[in-house]
Undergrad: 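Have a look at this one.
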Amino acid sequence: MRTVICNSLQSFWDMGDHQFLEGHNVHCVFPMSEQVKNFILECQSRYKIHTITFTSNLQGQ
């Protein structure tokens with residue numbers, strides 16, 4: 001299974017809207033708040049993402 005790296009929230013949205021994330025694992029490496037993280041996790045079923053992981057030391061304030 002491939003893992004797609006998202007460097008920004010915009011890239012996550014763009015790739016998701018164009019079905020590039022469908023069936024893949026996604027790893028987000030950009031700073032984010034807990035609210036944004038929860039939003040991304042809610043998008044998992046809509047974009048048909050297998051799993052979503054985050055770089056933990058990049059949590060935004």
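For reference, positions follow the sequence shown, starting with 1.
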Undergrad: Working to the nearest 0.5 angstrom, can you tell me the gap between Ser33 OG and Asn38 CG?
TA: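 Here the interatomic distance stands at 8.5 Å.
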
Undergrad: Please round to the nearest 0.5 Å and tell me the distance separating atom CZ of Phe54 and atom SG of Cys6.
TA: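 One finds 9.5 Å between CZ of Phe54 and SG of Cys6.
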
Undergrad: Does any non-hydrogen side-chain atom of Ile49 lie less than 4.5 Å from one of Phe12?
TA: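 They are in contact (side-chain heavy atoms under 4.5 Å apart), so the answer is yes.
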
Undergrad: Determine whether Met32 and Cys28 make a side-chain contact, defined as any pair of heavy atoms from C-beta on separated by less than 4.5 Å.
TA: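 Result yes, sub-4.5 Å side-chain heavy-atom pair found.
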
Undergrad: Could you give the distance from CD (Gln35) to NZ (Lys37), rounded to the nearest 0.5 Å?
TA: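 Interatomic distance, Gln35 CD to Lys37 NZ, rounded to 0.5 Å: 14.0 Å.
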
Undergrad: Do His50 and Val26 have side chains that get closer than 4.5 Å, going by heavy atoms?
TA: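 A side-chain contact under 4.5 Å is absent here.
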
Undergrad: On a heavy-atom basis, which atom in Val4 and which in Phe20 lie closest, and how many Å separate them?
TA: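 Result for this residue pair: CG2-O, 4.3 Å.
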
Undergrad: Can His27 and Thr53 be counted as having a side-chain donor-acceptor contact under 3.5 angstrom?
TA: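 On atom types as modelled, these side chains qualify, holding a pair under 3.5 Å.
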
Undergrad: Checking side-chain contact (heavy atoms from CB on, under 4.5 Å) between Phe30 and each of Leu9, Ile5, Thr55, Asn7, which is the one that passes?
TA: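 Exactly one candidate clears the test, Leu9.
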
Undergrad: Which distance, rounded to the nearest 0.5 Å, do you find between the OG1 of Thr51 and the NE2 of His24?
TA: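 Result: 11.5 Å between the selected atoms.
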
Undergrad: Once side chain to side chain donor-acceptor pair (under 3.5 Å) is applied, what residue pairs with a partner in residues 39-48 remain, sequence neighbours excluded?
TA: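 Found Asp17-Tyr47.
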
